[in-house]
Number of protein chains: 2
Amino acid sequence: MYFRAQNHSSFGLFKKATTFATCKIYIIKMEKLIKNISVDCVIFGFNSKTLQVLLTERILKDEKTGEILISDYTLQGHHVLVGENLDDAARRVLKEKTGLDNIYLEQYYTFGNVNRISNPKDQLWVRTRYPEISDHVISVGYFSLVNSALVKPDHGHEFTQWFPVEELPPLAFDHETIIQKALEALRFKLWREPIGFELLPEKFTLTQLQSLYEAVLGIKLDRRNFRKKVSQMKHIILMDDHKKRSSPNNPQNYFFSREVYEKTRKARLDFTI
Amino acid sequence: MYFRAQNHSSFGLFKKATTFATCKIYIIKMEKLIKNISVDCVIFGFNSKTLQVLLTERILKDEKTGEILISDYTLQGHHVLVGENLDDAARRVLKEKTGLDNIYLEQYYTFGNVNRISNPKDQLWVRTRYPEISDHVISVGYFSLVNSALVKPDHGHEFTQWFPVEELPPLAFDHETIIQKALEALRFKLWREPIGFELLPEKFTLTQLQSLYEAVLGIKLDRRNFRKKVSQMKHIILMDDHKKRSSPNNPQNYFFSREVYEKTRKARLDFTI
DNA sequence: CCAAAAGTGTTTATCATACACCCATGC
DNA sequence: GCATGGGTGTATGATAAACACTTTTGG
């Protein structure tokens, strides 16, 4: 159902190209991209309080007057390259925008309405920056979960930052829809599968874990019940940190074992008819 | 999360075209299709015993010798038309292949590997029948659930029939993968949401309903426990058929009310950490 | 008369839910 | 010394799981 975003791309040309100067990369991309298919990555992070999304500023000024024509934000996305697998395109975007390999990445929906880039601002942007792009672009949505401490928001040339999912700035194209749908997909999955760990450091405390579930699922949980539940899950394992005793500044650390999870998961037949 | 496949397409040109002669439709399609984007519909049906998929035969003979070069099956699919929304393309395919409007349809995954049509047989087929098609076709997968009694398998010109999902014939392209993934998506969803009714007639018996869950989810259920569970679900409603008494040949009919479901669904916080 | 399907209740075990107090630390 | 966050147990109610016999009908 999901895969790790490792950069073992089958697209040799691009890999080689990255060893050249930056302008060279740019030219290669422009020549080789598929005009009507793109990927958009909704990159989720968690700052111990709220769920966040990584967004990049989009600014367009009038060349003569300097008037600001567009000022909003976009997701991390790019057109698929000729000869590139869809998943590799998503991995490539992630690697470029966050510098990270091997992070949780999952395709969740494809956006293919005819009018998704027909807004006047978006038309202006596309015609100015990407004149060779098709009018009808299909975009394949991926969401990825990262430990946001690992992402330096200023990685690229563009101005990129985290926004709480509850307080999104104005967004380009249909990116608001894309984010909402990603959020639904993330929530739906988090109810059934242990993917929350992807948003946390390897070592985490139960308080962190509980906050994560509360923030992402939008629910309130009782601390004792949560901890009781965790203690039954064999795949959430107490680290032996050789600490004497837990205290507010010295809480106990846990880690998640997917191997144990796969082996011990129960099949309780609790379904909705 | 899903939508009904009604044919309120925003693609005026095609709608008008269907009123012309068949050859005309063909020409319009060939001229106006997007060469690298298609939709594939995995149409599931249920015959009171097994879950089935609707497949169409693909045959290619050598023009001179008559030798059979290809003989296998494909899903119902087609390229997206210029100016057509993705969802409308899926609805169009469904309408063409089953004659049905207003059936359950859900997009579940997009298949974009470079090599998905690179098998020699598939290359031969594509070059013979659709020479103008791109080498790298992205296909958006939809699954739909129909009451299979409503589908006359010979609807189109092609030879189309139902196959049990456990006994699939040889399949074209990556259609086996596409079906497996559709099955996963269907199962995953059936655990959490009441979509099984879409595979049954409006009136159904509890035995039919239970068989459906057993067949699709691949589990065995206790009849008494199942019926107890159903009796707690207010959205599964006994029909007042004015029958005296239920018996083996005269079982009681039920129907499903989505309205009641939406109003009475419980939010039990039962999640996996 | 018998095979095949419809219908029905009780007990047990598991799990979600609700709820309150003590402790260690940094400020 | 106090505010903050970490840690802990018990009682109740809901529901999943296990389990067997009777009835009706068509062949």
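The model shown is predicted, which means the values in this text are computed figures rather than measured ones. Numbered from 1 within each chain, the chains take letters A, B, ... in sequence-line order.
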Participant: So, using ring pair (Phe, Tyr, Trp, His ring centres under 6.0 Å) as the criterion, who are the partners of A:F143 when residues are at least two apart?
Facilitator: A:Y108
Participant: With sequence neighbours excluded, tell me which residues meet ring pair (Phe, Tyr, Trp, His ring centres under 6.0 Å) with A:Y254.
Facilitator: none
Participant: Using side chain to side chain donor-acceptor pair (under 3.5 Å) as the criterion, list what pairs up with B:Q252, not counting sequence neighbours.
Facilitator: none
Participant: Could you check how far CG of B:L238 sits from P of C:dA6, rounded to whole Å?
Facilitator: 15 Å
Participant: Starting at CD1 of B:I219 and ending at P of D:dA18, how long is that distance when rounded to a whole Å?
Facilitator: 12 Å
Participant: Tell me: CG of A:N250 to C1' of D:dT4, nearest whole Å?
Facilitator: 15 Å
Participant: Could you tell me whether A:K181 sits above the aromatic face of A:Y109, with NZ or CZ closer than 6.0 angstrom to the six-membered ring centre and within 45 degrees of the axis?
Facilitator: yes
Participant: Any sub-3.5 Å donor-acceptor pair from A:Q208's side-chain atoms to A:T205's backbone N or O?
Facilitator: yes
Participant: By a strict heavy-atom criterion of less than 4.0 Å, which residues belonging to residues 220-229 of chain B are in contact with DNA chain D?
Facilitator: B:D222, B:R224, B:N225, B:K228, B:K229
Participant: Any salt bridge (Lys or Arg N to Asp or Glu O under 4.0 Å) involving residues 206-222 of chain A? Give me the pairs, sequence neighbours left out, ordered by first then second residue.
Facilitator: A:E214-A:K220
Participant: Enumerate the protein-to-nucleotides 2-4 of chain C contacts in which both atoms are nitrogen or oxygen and the separation is below 3.5 Å.
Facilitator:
none

Participant: Applying ring pair (Phe, Tyr, Trp, His ring centres under 6.0 Å) as the test, list every pair that has at least one member in residues 210-233 of chain A; sequence neighbours left out.
Facilitator: A:Y213-B:F271
Participant: Calculate the interatomic distance between A:Q232 atom CD and C:dT17 atom P; express it in whole Å.
Facilitator: 13 Å
Participant: Identify, with sequence neighbours excluded, every residue that meets side chain to side chain donor-acceptor pair (under 3.5 Å) alongside A:D174.
Facilitator: A:R116
Participant: Could you identify which residues of residues 206-218 of chain A place a heavy atom less than 4.0 Å from some atom of DNA chain C, listed by residue number, or say none?
Facilitator: none
Participant: Checking A:T74 now: which residues fulfil side-chain contact (heavy atoms from CB on, under 4.5 Å) with it, not counting sequence neighbours?
Facilitator: A:T56, A:R58, A:A172, A:H175
Participant: Please list, chain by chain and in numerical order, all residues satisfying salt bridge (charged side-chain N to carboxylate O under 4.0 Å, His left out) with A:E259, sequence neighbours excluded.
Facilitator: A:K263
Participant: Which is true for B:Q252 with a 4.0 Å heavy-atom rule: it touches a base, it touches only sugar-phosphate, or it touches nothing?
Facilitator: sugar-phosphate
Participant: Residues in ring pair (Phe, Tyr, Trp, His ring centres under 6.0 Å) with A:F163, at least two apart?
Facilitator: A:Y73
